[in-house]
Amino acid sequence: MTLRLFNTLSGQLDDLVPSDGKALRMYACGPTVYDFGHIGNFRTFLAVDILRRFLLLTGTKVRHVMNITDVDDKIIRNATAAGISIGAYTAPFELAFLEDLEALKVQRPEQLARATEHIPKMVELIQKLAAAGAAYQTEDGSWYFRLAAFPEYGKLSKKDLSGMEDGARVDVDEYEKDSARDFALWKAAKPGETSWDTAIGRGRPGWHIECSAMAMEYLGESFDLHAGGEDLMFPHHENEIAQSESVTHKTFARHWMHVRFLLVDGRKMSKSEGNFYTLRDLLLKGYKASAIRMALISVPYRHQLNFTFDGLIEATNAIERLRTFSQRLKTGNYAPGENPALQEAAKKAQADYLAALSNDLNTAEARAPIFDLVRAANTAIDQGQLLAGDRDAILSVLASFDKVFDVIQDSDAEPTRKAIEWAVQAGREADVAPELVGRESLTDEAIDALVAERTLAKRQRNFSRADQIRNELAEKGIILEDSKDGVRWKRK
RNA sequence: GCACCGGUGGCGAAGUGGCUAACGCGCAGGUCUGCAAAACCUGUAUACGCGGGUUCGACCCCCGCCCGGUGCUCCA
């Protein structure tokens with residue numbers, strides 16, 4: 001099944017297939033590790049995750065590279081303020097970022113590339129640009145890209161720069177540039193700042209050059225897909241194209257994917273608005289990692305997503321329905337055989353969900369057939385018409401769905417536990433939601449003992465004592481479920 | 001200002017030039033239960049921003065307007 005994916009460069013849906021017939025080579029812009037990742041960051045990484053998982057599921061191999069920007073103005077500023085090296089400053093944030101990805105079940109790319117470990121590659125590229133007449137050095141030792149050397153500039157973001165006059169907005173500290181829109185390739189060292197001594201002088205890389213250098217290092221001069229948040233389209237990606245193609249004269253990336261920004265409570269997320277959330281903030285409030293994942297992927301990546309707590313609750317409940325159903329299939333007893341209607345329903349659900357994803361990763365549409373199948377199967381179970389062969393067929397559809405969505409398999413306890421641990425270390429115990437504390441306040445054994453006592457009380461028809469125990473547990477976030485097979489309990 | 005995206009039932013969110021406009025959440029009723037909860041089933045609201053136009057026929061195409069959002073070299 002071929003993925004039809006919107007291509008910013010062509011402005012239409014294009015087939016996404018490996019140009020070499022082997023693996024799809026993709027580069028996705030990663031984080032600048034100067035702070036903890038927020039949900040907006042993760043929406044983008046989750047969208048790319050859905051893409052790669054769909055490709056893998058449908059039999060396309062993937063070679064996925066993601067950069068870690070571990071040197072830039074903010075990092076230098078913050079590290080200097082803290083009196084430590086930039087490496088010492090960024091390391092914990094990089095680690096936190098990778099932990100957050102794991103919590104959200106974002107698959108790790110085949111290759112992570114740190115900017116600071118690829119300085120020679122960047123220098124080499126700048127030298128080539130200089131040789132081609134597309135780069136020049138200013139008096140202070142910085143290097144700039146000469147926009148005039150790349151007539152196609154603007155082809156990605158569809159900007160027509162011809163009408164823009166030079167000199168209209170010249171920053172005071174950039175007076176040396178030939179043209180106001182020329183952008184920095186290499187920034188000359190300033191006293192006290194981190195810098196590298198190289199053939200093009202002492203300094204540090206500009207922001208854009210790292211992606212060009214590292215993408216070419218791992219994927220070649222021309223590759224299949226480049227992805228990132230919509231904000232990166234201009235100028236970052238436009239600049240990457242200019243830098244790369246001025247040297248190689250080949251198409252840098254054939255396909256460009258941009259993920260729409262999200263809103264929080266209907267407004268742009270920002271610290272000053274007070275609607276800025278990191279993943280850790282949400283975990284500490286008691287929301288499950290799976291719910292956050294579901295909420296962030298349920299709206300197709302090109303649509304604006306309005307992130308709300310109501311939305312998280314909805315996602316939580318929707319996942320619960322799927323998990324309960326899955327358990328019902330796995331634990332029930334079903335007679336041998338197959339029900340043709342259910343076999344057909346399973347087949348249709350599988351086909352429909354994949355078809356929806358293949359259409360520009362329409363995750364919202366992809367959910368529908370799965371829920372249709374859940375209802376049909378539940379009805380059949382109630383009527384005794386679901387057979388063992390149907391159970392197997394339906395479980396395999398759920399497994400396939402989970403290869404992409406990955407929300408049914410429950411591994412929510414670990415990220416929450418880690419977040420609490422982190423909060424304690426970071427002196428943020430106060431941010432841990434009380435119900436999370438309650439959930440962990442009783443051991444499994446203690447709960448089992450209370451449940452047993454309640455069962456005994458019920459048998460003796462001492463319902464007031466039984467209800468009392470149930471209420472006490474409920475206050476601590478322990479939910480009891482009576483069934484004919486005994487009592488089940490779970491932490492809310 | 002220029003450019004782009006969106007406005008679908010209580011909420012979220014698909015989709016289509018004409019058949020009953022998905023799905024999820026919520027809500028209501030039922031089954032079950034000592035009662036609940038949970039789970040499941042059923043039902044639910046006669047939803048396509050406004051005004052024109054094209055068409056045999058538009059929520060879907062075109063024009064205008066209103067509203068919301070975003071971008072225009074910090075930003076996933």
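Numbers restart at 1 for each chain; the letters A, B, ... are given by sequence-line order, proteins then strands. What you see below is based on every heavy atom in this structure, not just the backbone, and it leaves out hydrogens, waters and symmetry mates. Since this is a predicted model, take the numbers as computed values, not measurements.
For A:D72 and A:T69, the side-chain atoms include no donor-acceptor pair closer than 3.5 Å. A side-chain donor from one of A:D412 and A:S290 sits under 3.5 Å from a side-chain acceptor of the other.
In this structure, B:rU73 forms no base pair with any nucleotide, since neither Watson-Crick nor G-U wobble geometry is met with both distances under 3.5 Å. Under the Watson-Crick or G-U wobble criterion, with both distances below 3.5 Å, B:rC50 is paired with B:rG64.
Using P as the reference atom, B:rG10 and B:rA36 are 31 Å apart when rounded to the nearest Å. Comparing B:rG18 with B:rG12, their P atoms are spaced 26 Å from each other, to the whole Å. With P as the reference atom, B:rC35 and B:rC23 are 33 Å apart, rounded to whole Å. Here, B:rC48 and B:rG6 have their C1' atoms 14 Å apart, quoted to the whole Å.
In the set B:rA14, B:rC40, B:rA76, B:rC40 carries the atom at the smallest distance from any side-chain atom of A:D382. Among the nucleotides B:rA14, B:rC72, B:rG24, the one closest to any side-chain atom of A:F234 is B:rC72.
At least one cation-pi condition fails for A:R367 and A:F405: the charged atom is not both under 6.0 angstrom from the six-membered ring centre and inside a 45 degree cone around its axis.
In this structure, A:D73 pairs ionically with A:R204, as a charged nitrogen and a carboxylate oxygen lie closer than 4.0 Å.
Under the stacking definition used here (centres under 5.5 Å, planes under 30°), the residue A:F261 qualifies as stacked on the base of B:rA76.
For A:K74 and B:rC75, the shortest distance from a side-chain N or O to OP1 or OP2 is not below 4.0 Å.
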